[in-house]
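Computed from a prediction, not measured in an experiment: that's the story for all the values here.
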Amino acid sequence: MKFLVQRLAVLVVALILAGCAGVPRRADLPSGATPHTIYLVQFGWHTALLLEGAATLEHSTKLRTDFHDTRYLMVGWGDGEYFVSEHAPWSKAVKALVASDYPALQVGGRDKNPPLGAQARDTVALAITERGFQELVEYIDRSIATDANGKLIYLGDPAEHPDRFYRATGNYSVFNNCNSWISDALRTAGLPISSFNLTARGVFEQAQRIAALQNQQPTLN
């Protein structure tokens with residue numbers, strides 16, 4: 001119990017710091033043409049990415065196995081046990097923060113933007129370069145674990161949910177959660193976002209600042 005209280009106390013401090021983390025500069029924005037637009041979507045405490053379906057599948061060697069002809073792909077990362085459960089109890093949420101067994105990657109086709117469950121105010125459009133987009137898709141592919149034979153490891157029951165859940169690489173914890181994964185994904189795409197983001201609010205507000213800076217400068221296509 002004492003250990004859990006200590007971890008939660010550290011979390012509170014970390015969340016306060018995360019809310020102030022990162023002030024992007026115009027000089028740090030991607031240089032050159034930015035032909036791709038990706039969308040950061042906030043669902044309460046969780047964040048996900050909404051990507052161009054055709055372009056993502058063109059570059060992904062793993063996702064094209066399960067997806068075809070979809071307008072958008074939504075991608076998120078989380079604890080394997082809590083994330084996959086449709087109605088997970090709070091006990092699993094607490095366990096995910098302090099003793100996660102494995103992470104999962106959720107990927108689903110979407111036909112509209114904003115996606116179901118989100119409103120326009122919950123999304124931020126971010127422009128990235130061709131290289132940034134390719135790096136982002138490779139980051140997503142690396143996040144999908146495979147077995148000893150190189151096969152994808154599926155989680156959950158596909159009949160119960162239209163999205164795919166894959167066993168993911170990495171380790172989920174209170175200090176390496178879905179928002180941390182999204183921050184690293186955006187940094188991989190070439191966007192100047194802080195790597196220290198533990199809350200959806202922290203990621204979303206930084207993305208809003210980046211989008212505002214991008215809207216202030218001419219767009220190269």
Side-chain angles (χ1 to χ4, degrees), residues 3-25 28-29 38-51 74-85 87-108 113-126 128 136 139-140 143 165 168-214:
F3 173 73
L4 178 59
V5 171
Q6 290 174 336
R7 293 292 294 271
L8 291 177
V10 173
L11 172 60
V12 170
V13 175
L15 293 181
I16 294 173
L17 294 175
C20 305
V23 179
R25 303 178 307 164
D28 297 326
L29 295 178
I38 63 176
Y39 301 88
L40 174 67
V41 187
Q42 181 177 358
F43 297 95
W45 57 268
H46 178 73
T47 50
L49 294 177
L50 191 69
L51 310 177
M74 194 166 73
V75 183
W77 188 87
D79 171 68
E81 205 173 314
Y82 180 82
F83 203 31
V84 176
S85 302
H87 302 289
W90 276 106
S91 58
K92 285 191 176 182
V94 174
K95 179 179 181 294
L97 293 176
V98 297
S100 175
D101 293 322
Y102 55 88
L105 193 79
Q106 177 182 7
V107 184
N113 180 25
L116 183 66
Q119 300 182 37
R121 66 172 180 267
D122 301 318
T123 67
V124 179
L126 299 165
I128 60 175
L136 174 59
Y139 172 85
I140 293 171
S143 295
F165 289 90
T169 58
N171 297 288
Y172 185 93
S173 74
V174 65
F175 297 112
N176 188 43
N177 57 36
C178 62
N179 304 307
S180 308
W181 186 89
I182 290 290
S183 295
D184 289 342
L186 296 177
R187 285 172 61 83
T188 299
L191 296 171
I193 190 164
S194 170
S195 60
F196 187 72
N197 276 304
L198 301 179
T199 67
R201 176 172 171 260
V203 182
F204 196 79
E205 289 184 348
Q206 285 193 57
Q208 286 180 314
R209 296 188 192 106
I210 293 171
L213 290 174
Q214 290 184 327

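The heavy-atom pair separating Val174 from Asn177 by the smallest distance is O-ND2, 3.5 Å. Considering all non-hydrogen atoms of both residues, His46 and Gly76 come closest at NE2-CA, 4.4 Å. Nearest heavy-atom pair, Gly80 versus Ala104, reported as atom, atom and distance to 0.1 Å: CA-CB, 3.7 Å. Pairing each heavy atom of Leu105 with each of Ala168, the nearest pair is N-CB, 3.8 Å. The two residues Trp181 and Tyr139 make their nearest non-hydrogen contact at O-OH, 2.9 Å. The two residues Ser194 and Gln206 make their nearest non-hydrogen contact at N-OE1, 2.9 Å.
Taking CD from Glu205 and CD from Gln42, the interatomic distance works out to 8.5 Å, rounded to the nearest 0.5 Å. The structure places CD1 of Ile193 at 9.5 Å from CG of Asp184, a figure rounded to the nearest 0.5 Å. Atom CZ of Arg187 is separated from atom CD1 of Ile182 by 14.5 Å, given to the nearest 0.5 angstrom.
Taking the six-membered ring for Trp and the full ring otherwise, Tyr172 and Trp77 have centroids separated by under 6.0 Å.
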Should Val124 and Ile210 be marked as a side chain to side chain contact (heavy atoms under 4.5 Å, CB included) after you check the CA-CA gap, both sets of side-chain angles, and the distance that decides it? CA-CA 9 Å; Val124 179; Ile210 293 171; over 6 Å; no
Residues Leu49, Leu40; criterion side chain to side chain contact (heavy atoms under 4.5 Å, CB included); working and verdict: CA-CA 5 Å; Leu49 294 177; Leu40 174 67; 4.2 Å; yes
Report the C-alpha distance between Leu186 and Ile38 in whole Å, list the side-chain angles of each, state the deciding distance to 0.1 Å, and finish with yes or no for side chain to side chain contact (heavy atoms under 4.5 Å, CB included). CA-CA 10 Å; Leu186 296 177; Ile38 63 176; 3.8 Å; yes
Step-by-step side chain to side chain contact (heavy atoms under 4.5 Å, CB included) determination, Leu191 to Gln214: CA-CA 11 Å; Leu191 296 171; Gln214 290 184 327; 3.9 Å; yes
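Proximity of Asn197 to Thr47: side-chain heavy atoms (C-beta onward) are nowhere separated by under 4.5 Å. Contact annotation: the side chain of Thr123 never approaches that of Leu50 to less than 4.5 Å [non-hydrogen atoms, C-beta and beyond]. Side-chain contact between Phe83 and Pro103: absent, with no pair of heavy atoms (C-beta onward) separated by less than 4.5 Å. For the pair Asp122 and Pro114, the minimum side-chain heavy-atom distance is 4.5 Å or more.
For Asn179 and Thr199, the side-chain atoms include no donor-acceptor pair closer than 3.5 Å.
Side chain of Asp79 to main chain of Ser100: no donor-acceptor pair is present (N/O by atom type, distance under 3.5 Å, no hydrogens or angles).
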